[in-house]
Amino acid sequence: MDEPLSAAPAAGAAPAAGPPAPSGPGPAPHLFSSADHGRSPLRIPVRVRAGFLIPAAVILAAIIIWPAVDSVWLSLHNHDGSKWVGLHNYKTMFTDSATLTALKNNVIWVVCAPTIACALGLMFALLAEKIRWSTAFKAVIFMPMAISFLAAGVIFELVYQQDPNQGVANAVAVGVHDTFAKSSQYPGARPRPNEGTEAGGGAFNTVHTYQAGSVVTVPLVGLQAASLPGKAAQAAAPSAAPAPDQIEGTVWLDIIYGGGGEPGSIDPGKKGMPGISVKAIDAATGKSAGSASAHNDGTFTIKGLKPGASYRLELPGSNFAQPYRGIQWLGPSLVTPAIIASYLWIWAGFAMVLIAAGLASIPRELQEAARVDGANERQIFWRVTVPLLAPVLLVVLVTQVINVLKVFDLVYVIAPGSTLPNANVLAVQMWNVSFGGGQDQGLGSAMGVFLYALVLPAMYFNIRRLRREKKEGGR
């Protein structure tokens with residue numbers, strides 16, 4: 001009979017060396033002994049770990065922790081840090097009109113810019129799913145993200161120029177305006193002084209009254225002869241004997257190109273002013289009794305008047321109104337919305353990319369099931385798509401809130417000096433107080449601490465969300 005492969009140890013003998021065999025079901029034995037407890041499984045020496053962590057900790061302390069601590073310390077001292085003033089700088093900050101204006105503008109930024117950026121990003125992302133050339137569309141919308149805020153500020157400073165020949169925004173505004181309301185042909189023209197006319201509300205009225213059957217001449221100046229329309233012809237004298245129910249006259253430019261001629265007379269070389277409107281105002285009632293437009297030679301005839309009645313002639317202000325020059329985009333009332341528009345031009349592409357990624361991850365089966373249940377596209381959007389996109393929209397919204405609280409470059413570059421106080425935000429005010437002439441490091445540091453306190457809730461929310469997602473992803 002064969003012997004067993006391993007014999008049992010004799011009584012009192014020491015057990016054989018080697019790990020004991022597992023006697024039944026249970027957890028696997030530890031791979032490391034108790035001496036390995038507290039050591040990394042990768043067995044990285046402490047000095048190696050310290051060699052990686054210490055430089056990073058020093059840099060972190062140098063560029064983040066120390067400046068933050070120093071800012072808090074400076075905010076409790078006077079302008080040069082030589083005297084402790086406690087909370088005086090914070091009190092000054094909340095009683096200063098310029099700072100309160102900056103705070104009000106920051107509130108406008110926080111309420112408007114992130115919301116509109118999310119809306120535009122969602123609209124662009126949905127549109128990109130419906131068109132064939134979506135890649136090119138996304139590239140064009142996202143392209144402004146490659147431009148720095150400083151360069152974008154310079155671009156939009158030119159876009160918002162008041163001169164339509166330079167500013168694109170006003171060029172468009174003037175084009176649209178002139179499509180529906182034509183500009184006057186003779187801006188700045190006016191009757192020759194001492195010729196029996198008076199100005200009122202942009203219009204010109206004759207001082208004397210005229211009866212039907214009269215002849216009236218109206219010489220105008222204030223305009224260069226070269227700026228007359230091409231159809232303007234040599235001025236002609238009116239009829240010497242108008243009909244009893246008419247008033248005839250001539251409106252001409254009382255200037256000869258190159259000089260010459262007698263003021264107030266229709267000399268050779270003086271041209272009529274075609275298209276000028278002339279009205280007859282009843283002297284008794286003050287109401288318009290008729291009107292006419294001047295011909296190419298400047299002559300006009302107002303018909304249908306009452307014989308014997310007295311009239312004054314009026315040249316309406318629409319004949320001489322200055323051309324429409326567009327909108328004052330960078331004026332006190334529009335400067336903040338105009339700058340927010342430039343911000344949206346940059347960040348709408350960022351929102352679109354994130355939201356488009358969220359749309360791509362939505363199970364299409366849910367939308368198809370909603371359609372099968374009879375839901376229309378609007379109901380699917382609000383009750384299926386938006387709730388599923390809520391986490392992504394929240395990320396975009398919080399990121400935008402952090403960005404707009406720190407906005408500086410666009411406001412500082414775009415807003416002209418005359419309206420910069422109206423467009424002021426906390427970051428710009430902090431710069432102006434600390435380095436832009438105020439040289440008050442204490443007050444500027446207090447604004448920096450306050451701005452940091454405003455950003456903290458959004459940062460905390462972001463960090464908490466990231467930790468929650470990491471925890472859920474590790475399950």
Side-chain angles (χ1 to χ4, degrees), residues 93-120 123 144 149-184 187-188 201-202 317-318 321-348 400-401 403-433 436-438 447 450-451 454:
M93 178 177 63
F94 287 108
T95 55
D96 178 57
S97 60
T99 306
L100 293 177
T101 300
L103 182 60
K104 180 196 71 175
N105 287 334
N106 266 106
V107 172
I108 295 174
W109 273 85
V110 170
V111 171
C112 297
T115 307
I116 300 175
C118 284
L120 289 176
M123 182 180 67
F149 272 15
L150 179 62
V154 174
I155 291 172
F156 274 87
E157 185 186 16
L158 296 175
V159 168
Y160 292 136
Q161 285 292 316
Q162 184 67 35
D163 187 356
N165 296 320
Q166 298 180 2
V168 175
N170 269 341
V172 174
V174 170
V176 173
H177 175 273
D178 290 350
T179 300
F180 299 98
K182 296 296 183 182
S183 298
S184 65
S318 57
Q322 294 293 332
Y324 182 68
R325 304 294 293 175
I327 302 169
Q328 195 175 4
W329 297 102
L330 299 181
S333 59
L334 290 179
V335 61
T336 295
I339 299 174
I340 290 177
S342 67
Y343 174 89
L344 296 174
W345 179 72
I346 300 173
W347 283 96
Q400 297 296 328
V401 168
N403 285 336
V404 299
L405 282 173
K406 303 181 296 180
V407 68
F408 172 83
D409 314 60
L410 290 175
V411 178
Y412 193 78
V413 174
I414 295 177
S418 59
T419 57
L420 182 58
N422 302 95
N424 206 6
V425 291
L426 286 174
V428 175
Q429 179 66 8
M430 179 180 67
W431 165 267
N432 290 334
V433 169
M447 292 181 184
F450 177 66
L451 189 58
L454 292 179

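As the structure is a computational prediction, the values presented were derived from the model and not from experiment.
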Supply the atom-to-atom distance [X] [atom1] to [Y] [atom2], rounded to the nearest 0.5 angstrom.
{"X": "N422", "Y": "L330", "atom1": "CG", "atom2": "CG", "result": "11.5 Å"}
{"X": "N105", "Y": "Q429", "atom1": "CG", "atom2": "CD", "result": "10.5 Å"}
{"X": "L334", "Y": "I339", "atom1": "CG", "atom2": "CD1", "result": "11.0 Å"}
{"X": "F94", "Y": "M447", "atom1": "CZ", "atom2": "CE", "result": "9.5 Å"}
{"X": "I108", "Y": "L103", "atom1": "CD1", "atom2": "CG", "result": "10.5 Å"}
{"X": "D163", "Y": "L158", "atom1": "CG", "atom2": "CG", "result": "12.0 Å"}

Taking all non-hydrogen atoms of both residues, which atom of [X] and which atom of [Y] are closest, and how far apart?
{"X": "A427", "Y": "V407", "result": "CB-O, 3.4 Å"}
{"X": "V413", "Y": "G153", "result": "CG1-C, 3.5 Å"}
{"X": "L426", "Y": "F450", "result": "CD1-CE2, 3.9 Å"}
{"X": "V110", "Y": "P114", "result": "O-CD, 3.1 Å"}
{"X": "T115", "Y": "V111", "result": "OG1-O, 2.9 Å"}
{"X": "A152", "Y": "I346", "result": "CB-CD1, 3.4 Å"}

Are the side chain of [X] and the backbone of [Y] linked by a donor-acceptor contact shorter than 3.5 Å?
{"X": "N106", "Y": "V425", "result": "no"}
{"X": "Y160", "Y": "A338", "result": "yes"}
{"X": "T419", "Y": "A415", "result": "no"}

task: Flag the pair L120 / W347 as yes when at least one side-chain heavy-atom distance between them is below 4.5 Å, and no otherwise.
output: no

- prompt: Are T101 and P421 close enough that some pair of their side-chain heavy atoms sits under 4.5 Å apart?
  reply: no

message: Show, in sequence, the C-alpha distance, side-chain angles and deciding distance for T99 and N424, and conclude whether the side chain to side chain contact (heavy atoms under 4.5 Å, CB included) test is met.
response: CA-CA 8 Å; T99 306; N424 206 6; over 6 Å; no

task: Report the relative orientation of the aromatic rings in F408 and Y412; use parallel for angles under 30°, tilted for 30 to 60°, perpendicular for over 60°.
output: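 The rings of F408 and Y412 lie parallel, inter-plane angle below 30°.
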
message: Tell me whether the rings of Y324 and H177 are parallel (<30°), tilted (30 to 60°) or perpendicular (>60°).
response: parallel

task: Kindly indicate, with the supporting measurements, whether the criterion side chain to side chain contact (heavy atoms under 4.5 Å, CB included) is fulfilled by V411 and W109.
output: CA-CA 11 Å; V411 178; W109 273 85; 4.0 Å; yes

